[in-house]
Colleague: 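One structure coming up, written as structure tokens, with questions to follow.
Just so you know, these numbers come straight off a predicted model, no measurement behind them.
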Amino acid sequence: MLKIFAKSILSFMTVTLLLSVINMECSARSLEQNSQNVPEQRQKAVSSAKPKETCIFTVIEIEDLEYPTLAASIQLPFRVRPNNTVILSGKHVYLTTERHLHVIDISIPQRPSYLTSLAFPDKIGKVLAFGNSLVVASRKKFHLVDVSQPSVPVLQSTLYLPERDAIKDIDVLDTYLYIIGENDYLYVFSLVFGQVRLVKSLELEKRWWLLSPETGSAEVKQISLSTSHPILEDLLNPPLSQRGFLQPSSRGEKVRASSEILVVESLKDPMYDLFTFDAHIINDHQTSLGKGYHNVEREYRDYLSAIGEKTLTRRNPKIMYTVVAGKMQQIAQDPSTEKIDVADKRLLGPVTDFQISGGLLYVVNAKGFFSIKRLIKLLRSVDELREINELRENWFVISATPLQPNRPISLAVAEGYACVLATPEKSQR
């Protein structure tokens, strides 16, 4: 009996020892495999991590038109696309990035305050303001946003064009929203009391070029582009009647218009960047339509040559911020500067945006430049016609200012300051 018990104990100990050895071996193999996998997993996480997308919002003081200064900038951790825009409405700035609408308080332009952002489920582009609301466009939708409390924007509604056609471009004027679909139809919506209602749709003519709305009406005049030049009367009547023009055009050019001036981006002629048209009434019975063809790069150089500038200095704004987790933090100032040789034949790069205000044209170029140019002087008599023609030929440049080393994509202007939305991506030099 004792022998049997001893054999049983021996067998049990042998089995237990064997299992322990097997378990230790398996654990060692598992530990070895884990130790080999950890660096691989860490390396994978690091390599797959992408640098954060950013964009730059900059405020430029322009109270002294001859000496604009970069007052402040805010770096936002969001990606921007070429169709994103920045606008001013009252004391607030609204700008879009790829999927967000952002609100910035500009009550003190030298110290802008980032308030909030509103996320959208799809990619968005242009933003426009009317009253206490915004219209934000995406590829096949347009969104209505209530900003009666700017710090708390509220998405009111999301709408589509009939048949859910894609959207090519939009504009807002008075109480009407104008949307051009990729089906070459113009849709006119009424924007009364925050309600969006389709009131008119029409098929655009094959050779339409510009659109001029009727005052207080949903009717729109289509201005055609002839094989040589547009009909002068068609360009003359809208500014003289204070109707002006809408921003969309048939060829995709940027269009900016005031009650007297029309500026159109030149996409077809490599010799010029912008075309300008201005209309005047002289002595209550004569009318004048002026035309100008402008090469921004050449005129910029002529200005620098006239004032004896051989180099420009690119500096950072006086105060710089970044936004982290929705909160604005000040960035330590970088005193470094960049000297720019004005003899560079590709100094400015293409025009990326421009705005008109008070007879002045504000322009930003792809290589990070901001310039102010005088367009016209209002006529009071026939005797001043020669003077205005001379001004038009020279197209006076008032100032030329290097921005931060980035690519501006959208510009907004108010009295005393301008705002620029830019991407850090630089164009090729």
Colleague: Determine whether a donor-acceptor pair (N or O, by modelled atom type, separation under 3.5 Å) exists between the side chain of R251 and the backbone of W209.
Modeller: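 Checked: no pair found.
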Colleague: Do you see a donor-acceptor pair shorter than 3.5 Å between the side chains of T276 and H294?
Modeller: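 Note: T276 and H294 side chains meet the donor-acceptor criterion.
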Colleague: Taking K141's backbone N and O only, do any of them form a donor-acceptor pair with S138's side chain (distance below 3.5 Å, no angle check)?
Modeller: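 It does hold such a pair.
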Colleague: Any side-chain donor-acceptor pair under 3.5 Å between Y362 and R256?
Modeller: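 Not at all, the side chains of Y362 and R256 share no donor-acceptor pair under 3.5 Å.
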Colleague: Is there a donor-acceptor contact under 3.5 Å from the side chain of N295 to the main chain of M271?
Modeller: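 Looks like yes, one N/O pair under 3.5 Å.
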Colleague: Going by the angle between their ring planes, with limits at 30° and 60°, are F275 and Y272 parallel, tilted or perpendicular?
Modeller: tilted
Colleague: Could you tell me if E253 and S266 have a donor-acceptor pair between their side chains, going purely by distance under 3.5 Å?
Modeller: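 Not at all, the side chains of S266 and E253 share no donor-acceptor pair under 3.5 Å.
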Colleague: When you check the side-chain N and O atoms of S117 and H100, is any donor under 3.5 Å from an acceptor?
Modeller: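 Note: S117 and H100 side chains miss the donor-acceptor criterion.
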Colleague: Measure across L304 and A400 and return the closest heavy-atom pair with its distance rounded to 0.1 Å.
Modeller: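 Here L304 and A400 meet closest at CD2-CB, 4.5 Å.
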Colleague: Do N84 and T96 have side-chain N/O donor and acceptor atoms under 3.5 Å apart?
Modeller: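 Yes, T96 and N84 have a side-chain donor paired with an acceptor closer than 3.5 Å.
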Colleague: Under a 3.5 Å cutoff, is there a donor and acceptor pairing between the side chains of K339 and T313?
Modeller: yes
Colleague: Treating E297 as the side-chain partner and L347 as the backbone partner, does any N or O pair qualify as donor plus acceptor under 3.5 Å?
Modeller: yes
Colleague: Strictly below 4.0 Å, N to O, side chains only: are E205 and R207 in salt-bridge contact?
Modeller: no
Colleague: Decide whether Y94 and H102 meet the rule of one side-chain donor and one side-chain acceptor closer than 3.5 Å.
Modeller: no
